[in-house]
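Down below is the structure, laid out as structure tokens.
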Amino acid sequence: MTLSSLQKARYEYVPKLPSMLRGGISEISVLEGAETKSVADCEKISALFPNTYGKKEIVFKKGQNTAPAKKQVVGVILSGGQAPGGHNVICGLYDAIKSTNPENELYGFKNGPIGLIEDDFVVFDDAYIDAYRNTGGFDIIGSGRTKLETKEQFAIVADVCKKHGITAVVIIGGDDSNTNAAVLAEYFAANNTGVQVIGCPKTIDGDLKNEDIECSFGFDTATKTYSEIIGNIGRDANSAKKYWHFVKVMGRSASHVALECALTTQPNICLISEEVAAKKMSLSEIADYIADSVANRAAKGMNFGVALIPEGVVEFVPEFSVLIAEINELLAGSRADEFNALPTWADKYAFIEKGLTKASMEVFAILPEGIQQQLFLERDPHGNVQVSLIESEKLFSALVADKLKARKAAGAYSGKFTPIHHFLGYEGRCAFPSNFDADYCYSLGYNAFMLIQYGYNGYLSKISNLSKPATEWVAGGMPITKMMNIERRHGEDKPVIKKALVELDGKPFKFFKAHRDSWAVETSYVYPGAIQYYGPAEVCDITTKTLALEKE
Ligand code: FBP
């Protein structure tokens, strides 16, 4: 394998641990705090988790390690979308496991949760681990989106664990995967398997966070990667002075990624899905909002700009959600075949016109034809519209173009509008982890083993005080049930970890709101440049603006 210079250099990087985890495993003791309660629906959650509910929050500190000595065989999986730093969680876990007892073993189950069901694994050794230290990606064992959620699956996992003598399973995943980790932990406890489950908070989307988890790993690196590119695009726009760049960034539900990139690069426009929903904005209102910036800048001679669009925004536009629901209904069952058999788009359009309500047809009619067709072509296995595949950056630029045309006709605008489109998503998910993510992830993995060694089950590895230097980080664990509430999912009440959306009264959004009107008209772009791995801490170890503002 040919290695890049950076890859070779990163192999040598020694991730920074919180002080309390430094100095050897024998010097890490545990401090138990108060018993916990779930954030809501306490009675229901406690009834669903009789063996794992209400456990104590814990913090590690310097002191004599009192954990019972026993051979540990740990299994680990990566679950869901890639996020920079996943390899380091496994490296930290491995190092803690082996430095406690070289006889301990770490099994990596392949391709996500399915690996545990199919008993498809690798047993890590030094050479294997060393080839992945401080690198991006999940290729160390692969990842997948199969869910571990049924009793039948749990029983298979219990058998697989028994077969290999596995004492604990570490699940590295997002809110859904960690919800399932809590259910698996309860199953293991209820069935006296003796197997523990520990979760680690992952997702570039940044929507697994709460009063205990300050941020999910990967968010730092992914947003810095996108911000570098957005900054470069802004500088190109300001150099050429002829294009409006519409940049969609990942974040299926929440707009944390878009907001962080906006705070870092100061584009002219950044939509925030949560605000769109709160204000019940229509597509037309959003288009007018962007068109105002285009027109105001054109009036100052600036026919260029940068607009950020969060991936999930269209689902937050109320009228659009209704339209999607109606389309799903319209094509339910055999009607999809009937629709597909129609020979021309004009025939199909007539079918749609007949089937939609007047209000939804009005929304449908203003969409560019390409997007209209996308709504009927891209269906998921259940036959539903795949909203995430909608090219919303193109949708909004087309709607803005229509608005500007109308304004021009009315003599209210005389600029030029030439849009260019980008989608930044996969580009950031496997970047070399920033020092922050390399350190945070290594600490999460190392800490996960401390939780295992001390016998905890159904806990999330928790590293906090993250806006401070790594030495001041605090390592510990929180029962996952503490983060749960009951939500309606697929027609059923389910215990889940609450997804964290952007809070409109939170400091990051408020900061953005206080500045965005001037960013919309002026050219205030910031060019953050590439992630730096070597150099002064104020350049290399900086956290996100979101975290800094939340913790100020
Ligand atoms: P996770 O929630 O699993 O971390 O994944 C998030 C994400 O990166 C989203 O931002 C994006 O919409 C999605 O994954 C893409 O998924 P896929 O890799 O299946 O195309």
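Counting starts at 1 for both ligands and their atoms, following the listed order. All figures in this text were calculated on a predicted structure; none of them were measured in a lab.
- Protein heavy atom nearest atom 2 (O) of ligand 1, with residue, atom name and distance: Arg252 NH2, 3.0 Å.
- Shortest contact from atom 20 (O) of ligand 1 to any protein heavy atom: Tyr426 OH, 2.6 Å.
- Judged purely by atom type and a 3.5 angstrom limit, Tyr442 has no side-chain atom pairing as donor or acceptor with the backbone of Lys16.
- Those atoms of ligand 1 that come under 4.0 Å of a heavy atom in Glu311, given as number and element, are 10 (O), 11 (C), 12 (O).
- The aromatic rings of Tyr128 and Phe124 sit perpendicular, their planes meeting at an angle over 60°, well past the 30° parallel limit.
- Atom 4 (O) of ligand 1 has its closest protein heavy atom at Thr203 OG1, 2.9 Å.
- Inspection of the Thr225 and Glu427 side chains reveals no N or O donor paired with an N or O acceptor under 3.5 Å.
- Near Gly80, with a cut-off below 4.0 Å to any heavy atom, the atoms of ligand 1 are 3 (O).
- The ring pair (Phe, Tyr, Trp, His ring centres under 6.0 Å) search around Tyr446 returns none, not counting sequence neighbours.
- If you check the side chains of Asp130 and Tyr94, you find no donor sitting under 3.5 Å from an acceptor.
- Evaluated by nearest non-hydrogen atom to atom 9 (C) of ligand 1, the leading choice among Asp175, Asp207, Val249, Asp205 is Asp205.
- Distances from atom 14 (O) of ligand 1 to the heavy atoms of Arg145, Lys202, Lys499 put Arg145 nearest.
- Checked against the 6.0 Å centroid threshold, Phe376 and Phe339 count as a close aromatic pair.
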Next on the checklist: If you apply the rule side chain to side chain donor-acceptor pair (under 3.5 Å), what do you find for Ser434 with Asp220, and how did you get there?
Outcome noted: CA-CA 7 Å; Ser434 61; Asp220 187 273; 2.7 Å; yes
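- Taking only nitrogen or oxygen atoms, main chain and side chain alike, Gly81 reaches within less than 3.5 Å of ligand 1.
- In this structure, Gly251 counts as a contact residue of ligand 1, since one of its heavy atoms falls inside 4.0 Å of the ligand.
- In terms of N/O distances under 3.5 Å, ligand 1 is approached by Arg429.
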